[in-house]
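Notes to accompany the following structure.
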There are 4 protein chains.
Amino acid sequence: MDRICIVIQAKTTRKVVQTLGAGRPRSTVAHQAILNAAGELLDKHGFRAVTMEAIAARAGVSKATIYRHWHNKAAIITERFLQQTASTIGFLHSGPVSEDLRLQMRALARAFSGKSGRVIAALVAEAQDDPTVADALLNHWILIRREDTRRVLQRGMDQGELRANLDLNVVMDALYGPIYYRMLVRHLPLNDDFIDHLADHVLNGLLGGAHHPSIHLMD
Amino acid sequence: MDRICIVIQAKTTRKVVQTLGAGRPRSTVAHQAILNAAGELLDKHGFRAVTMEAIAARAGVSKATIYRHWHNKAAIITERFLQQTASTIGFLHSGPVSEDLRLQMRALARAFSGKSGRVIAALVAEAQDDPTVADALLNHWILIRREDTRRVLQRGMDQGELRANLDLNVVMDALYGPIYYRMLVRHLPLNDDFIDHLADHVLNGLLGGAHHPSIHLMD
Amino acid sequence: MDRICIVIQAKTTRKVVQTLGAGRPRSTVAHQAILNAAGELLDKHGFRAVTMEAIAARAGVSKATIYRHWHNKAAIITERFLQQTASTIGFLHSGPVSEDLRLQMRALARAFSGKSGRVIAALVAEAQDDPTVADALLNHWILIRREDTRRVLQRGMDQGELRANLDLNVVMDALYGPIYYRMLVRHLPLNDDFIDHLADHVLNGLLGGAHHPSIHLMD
Amino acid sequence: MDRICIVIQAKTTRKVVQTLGAGRPRSTVAHQAILNAAGELLDKHGFRAVTMEAIAARAGVSKATIYRHWHNKAAIITERFLQQTASTIGFLHSGPVSEDLRLQMRALARAFSGKSGRVIAALVAEAQDDPTVADALLNHWILIRREDTRRVLQRGMDQGELRANLDLNVVMDALYGPIYYRMLVRHLPLNDDFIDHLADHVLNGLLGGAHHPSIHLMD
DNA sequence: TGCTAAACGAGACGGTACGTCAGGTCTTGAT
DNA sequence: ATCAAGACCTGACGTACCGTCTCGTTTAGCA
């Protein structure tokens, strides 16, 4: 008997080898119930409450089933996060680069101000301890967004809207680092006003007329 | 008989109500042994290894003594971090503001690249769950540094080296946010080269000659 | 789907609600290992050494498993005691009642002189603090023995060997109370000689020829 | 300098070396406060609540002071028990021996039915673990009472009211063992009615007319 | 009257054990 | 083969008392 093996989501931390042709199939009901349970627990009671036992109880599922679908608590949260957040923060690719950037940064900040902020914060936190989470976060979130952004920035450089000698990795850190910073440290609110000032300050620079432009203006 | 109660370190998370005039005084030897044990565990084996039991065992101290001095694991790490890191990253206040900033950002990046990076990352992570850690981190680290930085920036504005209409909170986020971002996400190295590019890009702005300066240049 | 719930050992302090049809069954190996570990600790090192941690370590079992099977340290000891002692002290039901009693009292005294004495003493001690132990001891040891004894005594009354107007509860206390007394207070040895004298004195009475038999001889 | 050392209560477990001639004398207030605190805790909350910390707190005394006066928790309870119970249960020495015994047994049973029962039960329990308590209990309570009782019984034998060939140790166990038994096991009430039946049954014997008097009637 | 030495309260100290919780794995019978 | 249920071992949690100790403070008798 031939068996067809379908890899569902190849590069993630999720266990995926779904084999057709023998045995009872994985319950998609259970799968989604677990994601929802984890998400609800995180939203309502914080990361501390997201235990495997609590997820299992709330989802009406056994712990073994959870481990059959993911090997990590963080993998669940990652999947949940990607599922509900990824689509909401794309670029418009329709105006001047500076404007595209500003609007997309606003969208990200809005997402981070809501429940997604809790989730991504929890993921960054967990990544400090757990290399698999760090890996998932990096590959399935950070780097994917950065590719998008890099394309926009490259367009800006090609069209002359941006300086020609920019290090795009640094530019992306300069634009998005402050957003993550406010989300994680919570010293000040993460609102549209902040984004607008941030975009202005970084795009236009901080220097006034009295500085020595020759110093450190990289070639 | 009146008793004099001296609050030693008023605003921290550390339990501090040390009362003079009654009872055996807290052992400073035990206190420091605990801090060292926690620090060593964190440095050598990572945050996962920093358990109360391990700290107690390594410090030659009972768990009850630890809880008598701090109510949190994170409070210990916070104190340890502040004790060994705080002094290493001040400003020189000696040259042009842009240069002062750049050098201090380098010092911070270097600290974050070493063991202090592990610690501050662990603290930021813990702060996502634990409001007391968030509080300690904010009040005893973040805001204190920002006051220093704010003075430097103000000097730059006063002397005309920096634009007059900057929002200093946003400026600080733009300068330091990227450093925390790289430290926490670890997508790219946190070296002097990054700092130099970052300082350049933010100070001079990203825009080239073809942009519309009137738009979004805030008044 | 209906589930059949079988209560295995209904009246003891042991947690017993073993449900068929779901979940991994309790490990009888672990159960017995715990009983043996507790018994060995008690026999070799005394009651002080019988800690939950020591039992768990010696049985190669986690503390949580112990608490899953019993809610009390004393419940473990009770079960162990009943398991190994109960069968050794029955009646012969073969001769005159006075003789049956004497032989069974000897058997009890011998059991109490050995390790069982340590155990039952520990249980009586624990029962002073812990109502659940008191309950288990009363229902699974004391009252069960007393039913046996009551039948023997009743036979003696029916056959005229014993006085007809005895209060059997008091008789049992008069016969067995002194045995428990010596076991617990240990002021004098608990040997066959004591049992023989005790049986003689209680059966024949203490009074000599010079007393006034009318007084206090209850009707 | 000569010091006069007075041993206050020579044979008990209490620490007694009170030295006159230097230093602050022991506080009798603290001493009694500790005894009262221990007694109240035992009476109101059971033996479990009688911790050194609770005694110290309730007595308004430091733990060190307690340990300066006694080295055992049980020593405190013993002293408290002897202080308040010992005097209430003497013999009258005024009537027939059987009557004297019966009345004194009633007095003991009454004491054991009240708070003293809790205390003596706790002491017997503690004695199972702690040899020093066993020793104190035996020497300062059990054996002292037994001396009194032995004199009464000897009078009965001398006067012919009791059989001449009794083993008085066994007689005392037969009379008092059942009382301790009911106090400790609590299977049946410890009231005057029980005492009267007990005295009757033991004094007059259990046997009826149909038994073989030659058997086991010791010479 | 002032000295001295022990007792005092307070409470920190190193320990041991407690009972609970979560993690990740394994074992049932049923689907 | 997967499912729900739930037992299993491991290891850490935070707490409670233990008996000892170190403080600064009485407090009595001797000098």
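Letters A, B, ... are given to chains in the order of the sequence lines, protein chains preceding strands, and every chain is numbered from 1.
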Atom pair distance, as rounded to whole Å: [atom1] in [X] and [atom2] in [N]:
X       : N      : atom1 : atom2 : value
A:Lys73 : E:dA22 : NZ    : P     : 9 Å
D:Leu41 : F:dC17 : CG    : C1'   : 14 Å
D:Arg26 : E:dG9  : CZ    : C1'   : 16 Å
C:Ile66 : F:dT10 : CD1   : P     : 12 Å
C:Ile34 : F:dA7  : CD1   : P     : 13 Å
D:Arg48 : F:dA16 : CZ    : P     : 15 Å
A:Trp70 : E:dG23 : CH2   : C1'   : 17 Å

Check the interface with nucleotides 20-23 of chain F: list each N/O to N/O pair with the protein under 3.5 Å, or write none.
from: F:dC21; atom 1: O2; to: B:Arg24; atom 2: NH1; distance (Å): 3.0

Would you say [Y] and [X] are linked by a side-chain donor-acceptor pair, where the criterion is simply a distance under 3.5 Å?
X        : Y        : answer
C:Asn36  : C:Arg58  : no
C:Gln128 : D:Gln128 : no
C:Glu79  : C:His31  : yes

Practice task
Look at B:Glu53 together with B:Lys73 and state whether they make a salt bridge at an N to O cut-off of under 4.0 Å.
Solution key: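 Salt bridge between B:Glu53 and B:Lys73, a charged N being under 4.0 Å from a carboxylate O: no.
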Exercise for the section: May I ask you to decide whether A:Glu40 forms a salt bridge with A:Arg118, counting only side-chain N to carboxylate O separations under 4.0 Å? Expected result: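 Judged by the 4.0 Å cut-off on N to carboxylate O distance, A:Glu40 and A:Arg118 do not form a salt bridge.
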Handout entry: Side-chain heavy-atom pair A:Phe47, A:Leu123 within 4.5 angstrom cut-off
Key =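 In short, these two side chains do not touch, never coming nearer than 4.5 Å.
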Exercise for the section: Establish, with yes or no, whether the OP1 or OP2 oxygen of F:dC8 is under 4.0 angstrom from a side-chain nitrogen or oxygen of C:His69. Expected result: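 Checking F:dC8 against C:His69, a side-chain N or O does come within under 4.0 Å of OP1 or OP2.
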Handout entry: 5′-ward residue of the pair A:Ala54/D:Ser62 relative to DNA chain E
Key = D:Ser62
Exercise for the section: For D:Glu53 and for D:Ala30, find the nucleotide of DNA chain E with the closest heavy atom, then tell me which residue's nucleotide is more 5'. Expected result: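 Its nearest nucleotide being more 5', the pick is D:Ala30.
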Problem - Residue whose closest nucleotide on DNA chain F lies nearer the 5' end, B:Val50 versus C:Thr65 - result: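 So the residue in question is C:Thr65.
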Problem - Matching residue for C:Gln32 among C:Ile34, C:Val29, C:Thr28, C:Leu35 - test: side chain to side chain contact (heavy atoms under 4.5 Å, CB included) - result: C:Leu35
Handout entry: Selection from E:dG14, E:dG9, F:dC13 that lies nearest to any side-chain heavy atom of B:Met52
Key =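 Selected nucleotide (nearest to the side chain): F:dC13.
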